[in-house]
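Some notes on the structure that comes next.
Reminder, nothing fancy here: chain letters follow the sequence lines and each chain counts from 1.
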Number of protein chains: 2
Amino acid sequence: MPQRTKKPGASRIRSAAFQRIRADHSSELAEDYVELIADLIDEKGEARGSDVAMRLGVANATVVKTLKRLQDAGLVTQEPYRSIFLTGEGWKMAEDGRKKHKIVEAFLLALGVSEKTARIDSEGIEHHVSDETLRAMARFLARKVM
Amino acid sequence: MPQRTKKPGASRIRSAAFQRIRADHSSELAEDYVELIADLIDEKGEARGSDVAMRLGVANATVVKTLKRLQDAGLVTQEPYRSIFLTGEGWKMAEDGRKKHKIVEAFLLALGVSEKTARIDSEGIEHHVSDETLRAMARFLARKVM
DNA sequence: CGCAAAGTTTAGCATTGGCTAAACCCTTTG
DNA sequence: CAAAGGGTTTAGCCAATGCTAAACTTTGCG
Ligand SMILES: [Mn+2]
Ligand SMILES: [Mn+2]
Ligand SMILES: [Mn+2]
Ligand SMILES: [Mn+2]
């Protein structure tokens with residue numbers, strides 16, 4: 001056997017973090033979409049694709065394409081030229097996302113960050129926070145309030 | 001003017017968070033690559049593409065393609081079948097990334113999460129932490145140590 | 001020294017998530 | 001009630017990231 005042989009042990013362990021990140025990224029967009037759609041429904045009574053596009057800061061066509069994927073994934077239902085609805089699964093994801101998002105944002109505020117920064121940073125951080133870390137953040141918040 | 005007209009004001013502001021996320025994502029992979037390459041050089045004296053692939057948990061071919069982009073971006077230099085080097089700019093990005101990464105990871109540990117979780121979560125969170133939040137984390141660490 | 005195995009790159013494919021321009025449909029209003 | 005005009009979707013393009021299989025180098029050993 002010429003050349004060095006690889007022992008995959010240590011590296012396989014290390015790669016776990018990056019594999020988690022790639023998994024997080026693949027669900028991230030869906031989470032933001034359903035949360036945003038839920039917000040729009042609660043705020044205005046309906047969620048239109050163009051509202052989603054405006055709030056995300058992307059083109060209308062991008063939203064149309066993404067919603068098609070979310071529909072295939074069973075998270076939303078829609079008909080052409082109509083507003084968007086969440087399925088049961090969609091609402092569940094939206095609610096879970098909201099809960100997590102709120103904790104992360106409140107945590108950043110409690111840490112002493114400005115409202116604007118907390119709002120912006122939490123939008124990205126929320127997708128990479130494990131349950132364990134989320135619990136630690138909630139614990140910190142509870143301690144702070146006492 | 002038939003149908004409702006849009007007022008872009010409020011939504012443009014809200015979309016800032018999502019635009020930041022998209023920007024973060026576009027630099028994220030580069031940051032992880034150069035940091036990893038720096039680690040390999042420091043640990044083993046050289047960084048080979050296959051080591052990068054193994055640590056990231058992706059195929060060799062993926063790394064080859066990505067390194068080509070990083071080379072175009074002026075972050076690494078390489079020749080076929082040879083190990084990878086960082087440019088000055090690459091080292092700078094790696095060092096900055098390491099600093100940030102260390103603070104985030106230490107912060108999570110100080111918050112009470114396990115080492116394994118701190119290692120995994122910090123790998124994703126680091127890319128979405130603004131300077132302001134990083135300072136708040138550093139402040140928290142400093143207070144904890146006292 | 002030469003060759004075969006191991007390591008590396010290339011080729012080719014797929015998906016995601018962006019964009020613009022053009023086509024399409026719905027609704028408001030004349 | 002019909003057409004204009006705006007909102008929505010489609011078409012077609014691009015870049016980034018991933019994969020597998022095949023081609024190509026390098027190199028350790030016989
Ligand atoms: Mn959210
Ligand atoms: Mn988010
Ligand atoms: Mn890092
Ligand atoms: Mn990272």
Closest approach of A:Ser122 to A:His101 (non-hydrogen atoms, all atoms of both residues)
OG-NE2, 3.2 Å

To the nearest Å, how far apart are [X] [atom1] and [N] [atom2]?
X       : N      : atom1 : atom2 : answer
B:Asp24 : C:dG18 : CG    : P     : 13 Å
B:Glu79 : C:dT9  : CD    : C1'   : 15 Å
A:Leu29 : C:dT15 : CG    : P     : 17 Å
B:Asn60 : D:dT25 : CG    : C1'   : 14 Å
B:Leu56 : D:dG18 : CG    : P     : 8 Å
B:Arg82 : D:dT27 : CZ    : C1'   : 12 Å
B:Lys68 : D:dG18 : NZ    : C1'   : 15 Å
B:Gln78 : C:dT8  : CD    : P     : 12 Å

Starting at OG of B:Ser26, measure out to CD of B:Glu31 and round the result to the nearest 0.5 Å.
9.0 Å

If you assign each of A:Val58 and B:Pro80 to its closest nucleotide in DNA chain C, which residue comes earlier from the 5' end?
B:Pro80

Under a 4.0 Å N-O cut-off, is there an ion pair linking A:Asp96 with A:Lys92?
yes

Is the closest basic N to carboxylate O distance between B:Arg98 and B:Asp42 below 4.0 Å?
yes

Can the ring centres of B:His25 and B:His128 be said to be less than 6.0 Å apart?
yes

Whether A:Ser50 contacts D:dG7 is assessed here as follows: a side-chain N or O lying under 4.0 Å from the phosphate OP1 or OP2. Is that the case?
no

N or O in side chain of B:Lys65 less than 4.0 angstrom from D:dA15 OP1/OP2:
no

If you check every side-chain atom of [X], which of [options] has the closest atom?
X       : options                : result
B:Ala61 : D:dC13, D:dT10, C:dT10 : C:dT10
A:Arg48 : D:dA11, D:dC24, D:dT8  : D:dT8
A:Thr62 : D:dT10, D:dT20, C:dG18 : C:dG18
A:Tyr81 : D:dT25, D:dG7, C:dG18  : D:dG7

Where each residue is assigned the nucleotide of DNA chain D containing its nearest heavy atom, which of A:Arg22 and A:Val64 is assigned the position nearer the 5′ end?
A:Val64

